[in-house]
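Report on the following structure.
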Amino acid sequence: MPFEMPQFALAAPEIWLGVMLCVVLIADLFDRGGESLLAFYLTQATLVGAMALAIHTHWGGDAVITFNGMYISDSLAAVLKVAIAGLTAITLGYGRDYLRDRDLLKGEIYLLVLTATLGMFVMASASSLLVLYMGLELLSLSLYAMVAFDRDSRIGAEAAMKYFILGALSSGMLLYGMSMIYGAAGSLLINDIAAAALAGDNLLLAFGMTFALVGIAFKFGAAPFHMWVPDVYQGAPTAVTAFLGTAPKVAALALFLRLMADGLGDLHAQWQIMGIILAAGSLVVGNLFALVQTSFKRMLAYSTVSHIGFLFLGLVAGSDEGYAAALFYAISYGIMAAGAFGMIMLLSRRGFEADMIDDLSGLNDRHGGYALVMLLLMFSMTGIPGTVGFYAKWLVLSALVEAGLIWLAVLAVVFAVIGAFYYLRVLKAVYFDRVDSPQPVEATSGQQVLMWANGGAVLLLGLFPDTLIATCRAVFGLG
């Protein structure tokens, strides 16, 4: 392929992140305040700027491929990047005071977050296996360091080691699959891989697809590749867990859509059965194991596995409607998860982690407003009408029915009903359980505004979901 001058303007979001990452690094060296306040505000400004650039450069018009076929600018990249940057900004807003109270508020945490965000942005616009893998490793290495950020925590060190070892294994599986895909297609470019998939059956391509899907399933945390999720969620500082459980899930969806949908979409009949097994397994394992948890963080971890199962249901439908539903679900779940982990951080204080379900007891007596937000979050995760979670599940189920997978839709509904039990158990603690000496809820004004905005987003997107639904559908050319 002859060399063509890249259109650098299309990569403005990534260039902006890379430049500002260096700026934050240097600025933090001269910040003598001890709380990295300058780094925090620069990081938030960087994320807002990245969202604006993503909309300006990617949204609308036809897809443009540049950098010799390795980078794609399209509406899907715009939506993914806006969601990633937005969720990252929300979790940083929740986590600042939490990290400060535990003497973990260092400038390095913002550098790791920006590096991870850069990796996720690269994945969202990747049009080559090489670029996909580069973005994935940039994200993964940053997450490994973030999970182990509290060096004095034994449980954090154990979680980081498990995450690193299993993550390295999954990356090896994904890379092995990519190597076979490259061998079968003779190219690293997604368009050439799509042409090879369209050409007909290819045993090497099918094997590569299988290994690649295993690697993707691990990054999602889908059963049976979910072993790291509960331990890492519980062991990492809650501020890190909040980040880990939100934006990287959208990035994992980007990985799937670019590789499996764009590159191997014509082999849908072959990877669909594997996707169904992953989806059904995640629904069963996630919901059943969440039932018996007493730790709120571990319950949310297994809840994540069940939600990933629902997200996979949209993907296995193999239609544009299914992909749009999965995109809507990923964004909606990110908003809900940010609020749930944010609540843990708001209720925690120096020397105390509000990470057990019993720690939520009597929340309505202590702060009725936060109890109301928790009600909205749990209702949304359950899928009760009036919240964004209802429409997320509804769109996925509709795509399944249209694809003729009615039995799978019924299975999803059954386990959604089972899952309602542990969400209602949380609300029981919030509204009906009492404590002898309730502790007052202490939170900064910024945290309070963020929590109210988070709860309001869950409610407003549930009452008026049309704009977000239309945006997700427009990405795939649906009216």
is_close_aromatic(Tyr144, Tyr163), centroid dist under 6.0 Å:
yes

Would you confirm whether the ring centroid of Trp271 sits within less than 6.0 angstrom of the ring centroid of Phe256?
yes

Side-chain donor-acceptor contact under 3.5 Å, [X] with [Y]:
X: Tyr71; Y: Glu14; value: yes
X: Lys81; Y: Ser125; value: yes
X: Tyr423; Y: Ser303; value: yes
X: Tyr302; Y: Asn287; value: no
X: Glu137; Y: Ser171; value: yes

Using a strict 4.0 Å threshold on nitrogen-to-oxygen distance, state whether Asp74 and Arg258 make a salt bridge.
yes

Neighbour count >12 (heavy atoms, 6.0 Å) for atom CZ, Phe149
yes

Lys/Arg cation over aromatic Phe220: Lys249, 6.0 Å, 45° cone
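Geometry flag: not set, cation outside 6.0 Å or 45°.
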
Pair Ile181, Leu264 - check side chain to side chain contact (heavy atoms under 4.5 Å, CB included), show working.
CA-CA 10 Å; Ile181 293 172; Leu264 300 171; 4.0 Å; yes

Among Phe218, Phe225, Phe211, exactly one meets side-chain contact (heavy atoms from CB on, under 4.5 Å) together with Met173. Which residue is that?
Phe211

Go through the structure and list residues passing salt bridge (charged side-chain N to carboxylate O under 4.0 Å, His left out) with Asp28, not counting sequence neighbours.
none

Could you walk me through whether Gln7 and Phe67 pass the side chain to side chain contact (heavy atoms under 4.5 Å, CB included) test, one step at a time?
CA-CA 7 Å; Gln7 300 182 47; Phe67 289 94; 6.0 Å; no

